[in-house]
Amino acid sequence: MNVTEILSGLTEALVNTYQQHAATLAENHAAVVNRLRESALPAFVKMGIPNNKVENYKYTNLQPLFAGNFEFFPHADTDMHITTEAFRCDVPDLQSHLIFLVNGAFAGVSNKNNLPKGVEISSFKEFATHRAQIVEQYYGQAAPLHHDGIVALNTLLASDGYAIYIPKGVVIEEPLQIVNILTGDTDRLVIQRNLIVVEEDAQVRIMVCDHTLSASRFVANTVTEVFVDQRAIFDLYNLQNQHNLTTQIAGTYIRQKANSNVMSNNITLHTGVARNNIHVHMDDEHCESHVYGLYLNDKSQHVDNYVFMDHAKPNCFSSELFKGVIDDYASAAFTGRILVQRDAQKTNAYQSCNNLLLTSDAKVNTKPQLEIYADDVKCSHGATVGQIDENAMFYLRSRGLSPEEARILLMYAFAYEVVEKIRVEPLKEQIRTLVEKRFRGELDKCDACVLCDSKARTAGCM
Amino acid sequence: MLKIRNLHAKIDDKEILRGINLDIKPGEVHAIMGPNGSGKSTLSAVLAGNEAFEVTEGEVTFNGKNLLDMAPEDRSREGLFLSFQYPVEIPGVSMVNFMRTALNEHRKYRGEAPMSASDFLKLMRDKKNLVEIDSNLTNRAVNEGFSGGEKKKNEIFQMAMLQPKLAILDETDSGLDIDALRIVANGVTKLKSPENATIVITHYQRLLDYIVPDHVHVLYKGRIVKSAGKELALELEEKGYDWIKKEFED
Ligand SMILES: Nc1ncnc2c1ncn2[C@@H]1O[C@H](COP(=O)(O)OP(=O)(O)OP(=O)(O)O)[C@@H](O)[C@H]1O
Ligand SMILES: [Mg+2]
């Protein structure tokens, strides 16, 4: 068999998977979701799973990662009972809202009765059928179905995920905490589709924790579409702590309206291969968006962040800061595309990506991509790759710190700037601890970002 | 306490220390002077364990132990302290975290339990007062954005925290204003005891007015070419180094 046959074989296998489950997927799902499947099919057949010849996936060839026998469940699959019990807080009267998903399917939300009026947190599938009008309006509007084979595949196989709807003017004080659990005895292909709608003047902060609970291979393809209306404030923190047999492709596609303020922060603590696609489309004037990321990888781990800042309208501000600490023979990549459209005068767009390589085998590729079609614009970008500063190392050791302690302090010193950007104080505290644990080599697969009451410990898994 | 015998060290094949001999006993203060580039900072770096320099010959014992065999952190834990001529800025590492870690590493080495948070904060406060260092500085990242003088004060603050047996002060006086010089010098004096010793590297007599040396040495071209009592410093202040260079060349 020659290479092209293997490659087209992969597309064919995935299309077969779809055809096998098409009826189940379509059953009881919203019209718009099923309609988009029809466009997704030819789009996926055309694009397939991206390899590194696809410009936007230059640094990550996804094809070998999809190859193999992965089970796909069109419905919520087994093991749904390990939900709140598995990631349980030690204190029963939890103030914040915990949302669980198992293999991409919605498994429950705690404390649901305490939600402000009009707020909805539910299964995407349920939401799509009950709130068809909203889903008609937003579904597929942000994710680039025709430009990315991964989005096409997600749209083709979409079934469940979470939906969060925050109506006009509602402010949720406590961060919503979403725990994604991958589990099962066999290797899985997990498709998750999420929708977040934050209406005018509403505010919500969401923390997403990605975990693996069994030793199987996982390929998770998650697409989250986010619509942030005028003057709304939205934060999305994503903490990835998954085992090395996981491939996590997380696409976050955000659309902003006037005077809205968005922050995203992807913290990859541990994962086999992570590819984060973060697109922010500033569709109106005076939008502000902050896209941050921190990746800490070792062994054969690979993390690839792709950011697309689309300045479509004037007077918007964007800032990007990514930092990576790369150990052993791990690798990382960052692509920062900034598009300033002709209309988008008075754009301010800043980007920076700094990397610390701990060994001579560690690798990083960074690629800024600036396309500026307006003339009154402030844009800057910078990328650095460095090593641990030997002078600083000696200084610390000369005060009695072991090389290990000194290294941990210096790694944390390098990374902390991204953690400091987190706008929710207790979350920042929690993530700071986890990052430090990671540097100490003490991070456990069960360490979660979940916050319980202040007096409680963090949630643990069994 | 410290015995240096025929110490040779080089960097990039350039021999910088060319046979140093020096004996330091508990309670003593030794001043090392000498023209720019003569090897004073190199000597302190080699004693502190900077691996950029290669020791090619000689021996150093510190309280009976072979110093040159020890890692830099163990030299520190054994009680050696270097106040750097050029302290390093370490953005992102807080002074508090740094000092707590350092102190606890010292305690661990001695088989003691880590210090409680309240004891640590009290110690910080006491030592801050001793060297009259601004709290704003100790709340910041290590030396980040500190002025030249503030960095030097911070070195002495760290010394006060770690209470070394042997302190090497490499031009701690340079960059200090008149008041700061007095404060730092008084700090060093207050920390002195019959059990510990100090090596003061300086170009000027003014520091030695406060920290009075028992011995003054002149380092020139990687060797100690002259040793005498405190009067030597005064003589150097008056006459410069030419006469010594001349003596040495002859
Ligand atoms: N890292 C280095 N690489 C190359 N040469 C070095 C290095 N460090 C020191 N030297 C050289 O070693 C010699 C001694 O330098 P050192 O810093 O020890 O002098 P010093 O006596 O402390 O001078 P000063 O009074 O100016 O502080 C100088 O010629 C210097 O250029
Ligand atoms: Mg010097």
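Sequence lines set the chain letters: A, B, ... in the order given, protein chains first and strands last, and positions in each chain run from 1. Since the structure is predicted, the reported quantities are computational estimates derived from the model, not experimental observations. Below, each value reflects all heavy atoms present in this structure, side chains not excepted, and no hydrogens, waters or symmetry copies.
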Spacing of [X] atom [atom1] and [Y] atom [atom2] [to the nearest 0.5 Å]:
X	Y	atom1	atom2	value
B:Phe98	A:Leu409	CZ	CG	8.5 Å
A:Leu401	B:Glu105	CG	CD	5.0 Å
B:Ile90	A:Asp389	CD1	CG	7.5 Å
B:Ile168	A:Ser398	CD1	OG	10.5 Å

Output, in order, the C-alpha distance, side-chain angles, deciding distance and verdict of side-chain contact (heavy atoms from CB on, under 4.5 Å) for B:Val88 and A:Phe394. CA-CA 9 Å; B:Val88 184; A:Phe394 177 64; over 6 Å; no
Give me the atom names and distance for the closest heavy-atom approach of [X] to [Y].
X	Y	result
A:Ser402	B:Arg77	N-NH2, 3.4 Å
B:Gly92	A:Tyr416	CA-CE2, 3.4 Å
B:Ser76	A:Gly400	OG-N, 3.1 Å

So for B:Pro164, is it side chain, backbone, both, or neither that comes closer than 4.5 Å to the heavy atoms of chain A?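 For B:Pro164, neither part sits under 4.5 Å from chain A.
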Taking atom [atom1] of [X] as the centre, does the number of heavy atoms from other residues, nucleotides or ligands within less than 6.0 Å exceed 12?
X	atom1	result
B:Lys3	NZ	no
B:Glu57	CD	yes
B:Lys192	NZ	yes
A:Lys428	NZ	yes
B:Lys108	NZ	no

Between the side chains of A:Tyr412 and B:Asn97, does any donor sit under 3.5 Å from an acceptor? no
Given the rule in the side-chain contact (heavy atoms from CB on, under 4.5 Å) test, do B:Asn143 and A:Tyr395 qualify, once you have shown the distances and angles that lead to the verdict? CA-CA 11 Å; B:Asn143 293 323; A:Tyr395 189 77; 3.2 Å; yes
Quick check against the 3.5 Å criterion: does A:Arg399 have a side-chain atom that pairs as donor or acceptor with the backbone of B:Ala102? no
